[in-house]
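The structure appears right after this line, and notes come after that.
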2 protein chains.
Amino acid sequence: MKVIRRLTGQTKAQMEARATVMKALAHPSRLFIVDELSRGERCVFELTEMIGADVSTVSKHLAVLKAAGILIDDKRGAQVFYRLRVPCILNFFGCVEAVLEEVGRHNVSEAS
Amino acid sequence: MKVIRRLTGQTKAQMEARATVMKALAHPSRLFIVDELSRGERCVFELTEMIGADVSTVSKHLAVLKAAGILIDDKRGAQVFYRLRVPCILNFFGCVEAVLEEVGRHNVSEAS
DNA sequence: TCATCACTTGGCAATATAGCCAAATCATAA
DNA sequence: TTATGATTTGGCTATATTGCCAAGTGATGA
C-alpha cells in the first residue's frame, strides 16, 4: 500500500510543536539573546543594555524563549540570570548562514 | 579595551537576516513542506492535497519559503515543482526535537 | 519600615501574519 | 481560439505579535 503523508493527527501535532520553537527564534532581538548567551549567562539588565529596548520588552522576549524551552532562568537575589538550556541551538546558525549565502549569491548573479 | 556586543549596525543586520529565515520556518504548514520536500520535489497540487488548505494558501507559504532562500521552484509546463535549496535545513530538526524533549521531560517531572 | 533596584505583568495601539474567496496568468489540449 | 488545469495574486477579515508605558512584585539596604 502507498502511504501518503498528511498534515493531520500526529504529524500536525509534531509540526506545531516544532513551529513553537522556531517562532521563539524568529525575532532579531531573540536571536541576539541566544547568540549572546552562547558566551555565558547574562542578567536581564545586561541584555537590555545591549539590545537598547525597554526592559519590559526584553523581559517578554526572554519569557518567550523560556516558554519554548530554549532558556533557563536562575534567580539570584534581585537579579535573574538566563542561560541556554540546549546549546545545540547554536548549530542552527551554520545552516541559516548557508541559506543567507545562497541568497546573496543568487541576488548578485541575477541582479534582481 | 572591553568590547561590548550591541544589537546595532552589522550585528543588527545579521540578526534581522537570520530572523527572516527563521520566520519562514516558523509555521506548521511550512515545516511540513520542508519535511516533505526532504523526500524529493513536489508540485503545488501534491502539497495542497497533503496539507488540506486552500491552494492559494499553500502557494503563499511556498512563496515565503522561496523568498527566504529555502526553496527553489522549477516550472515544468503548467506545474511548478519545489525542492529544498539548502538540504542542511534538515539538521535543524534534530536540535528542535532535543528542545522539545527537554520541555517534555520538564513538564512531566514538574507536573506544571 | 521605607526607598530603591531588578524584573515581570497588564494594557493598549501599531503592525504583521494567516487563510479564504475571487480574479488573473500561463501553458496545453481541443 | 476557446476551454481547462495549475498556480499566483489581490483583497479582505480575523488573529497574533511587538513594543512602549505604567503598575505590580520581590529582594536588599538604609
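Throughout, protein chains are lettered first and strands after them, A, B, ... in sequence-line order, and every chain is numbered starting at 1.
The closest donor-acceptor contact from the side chain of B:Glu46 to the backbone of B:Cys43 lies under 3.5 Å.
In the set D:dA6, D:dG26, D:dT7, D:dT7 carries the atom at the smallest distance from any side-chain atom of B:Cys43. Picking from C:dC20, D:dT7, C:dT17 the nucleotide with the shortest atom distance to the side chain of B:Thr57 gives C:dC20. Which of C:dC7, D:dT17, D:dT8 sits closest to the side chain of A:Val80 comes down to C:dC7. Set against D:dT8, D:dC20, D:dT7, the side chain of B:Phe45 has D:dT7 as its closest nucleotide.
Comparing A:Val64 and A:Gly77 by the nucleotide of DNA chain D whose heavy atom lies nearest to each, the residue mapping closer to the 5' end is A:Val64. Comparing A:Gly52 and B:Val58 along DNA chain D, the residue whose closest nucleotide (by nearest heavy atom) sits nearer the 5' end is B:Val58. Remark on DNA chain C: of its neighbouring residues A:Gln79 and A:Lys60, the 5'-side contact belongs to A:Gln79, judged by nearest-heavy-atom nucleotide.
Atoms CD (B:Glu46) and C1' (D:dT7) sit 14 Å apart, rounded to a whole Å. The distance from atom CG of A:Leu62 to atom P of C:dA6 is 16 Å, rounded to the nearest whole Å. The distance between atom NZ of B:Lys75 and atom P of C:dT25, rounded to the nearest whole Å, is 13 Å. Per the geometry, CG belonging to B:Asp73 stands 11 Å off P belonging to D:dT7, to the nearest Å. What separates CG of B:Leu25 from C1' of C:dA18 is a distance of 17 Å, to the nearest Å. The distance between atom CG of B:Asp54 and atom C1' of D:dG11, rounded to the nearest whole Å, is 14 Å. Distance B:Arg76 CZ to D:dG5 C1': 17 Å, rounded to the nearest Å. Atom NE2 of A:His27 is separated from atom P of D:dT17 by 12 Å (rounded to the nearest Å).
Between B:Thr48 and B:Met50 the shortest side-chain heavy-atom distance does not fall below 4.5 Å. The closest side-chain heavy-atom distance from A:Tyr82 to A:Val44 is below 4.5 Å.
Donor-acceptor pairing under 3.5 Å, judged by distance alone, is present between the side chain of B:Ser56 and the base of C:dC21.
With respect to B:Arg83 and B:Asp73, no salt bridge is recorded, no charged nitrogen being found less than 4.0 Å from a carboxylate O.
By the 6.0 Å and 45° rule, A:Arg42 does not stack over the aromatic ring of A:Phe81.
Residue B:Phe81 is classed as having no contact, given no heavy-atom separation below 4.0 Å to the nucleic acid. Backbone-only engagement by B:Arg30 is indicated by non-hydrogen atom pairs under 4.0 Å involving sugar-phosphate atoms exclusively.
Phosphate proximity of C:dT17 to B:His61: absent, as no side-chain N or O sits under 4.0 Å from OP1 or OP2. Within the 4.0 Å cut-off from OP1 or OP2 of D:dA6, not a single side-chain nitrogen or oxygen of B:Tyr82 is found.
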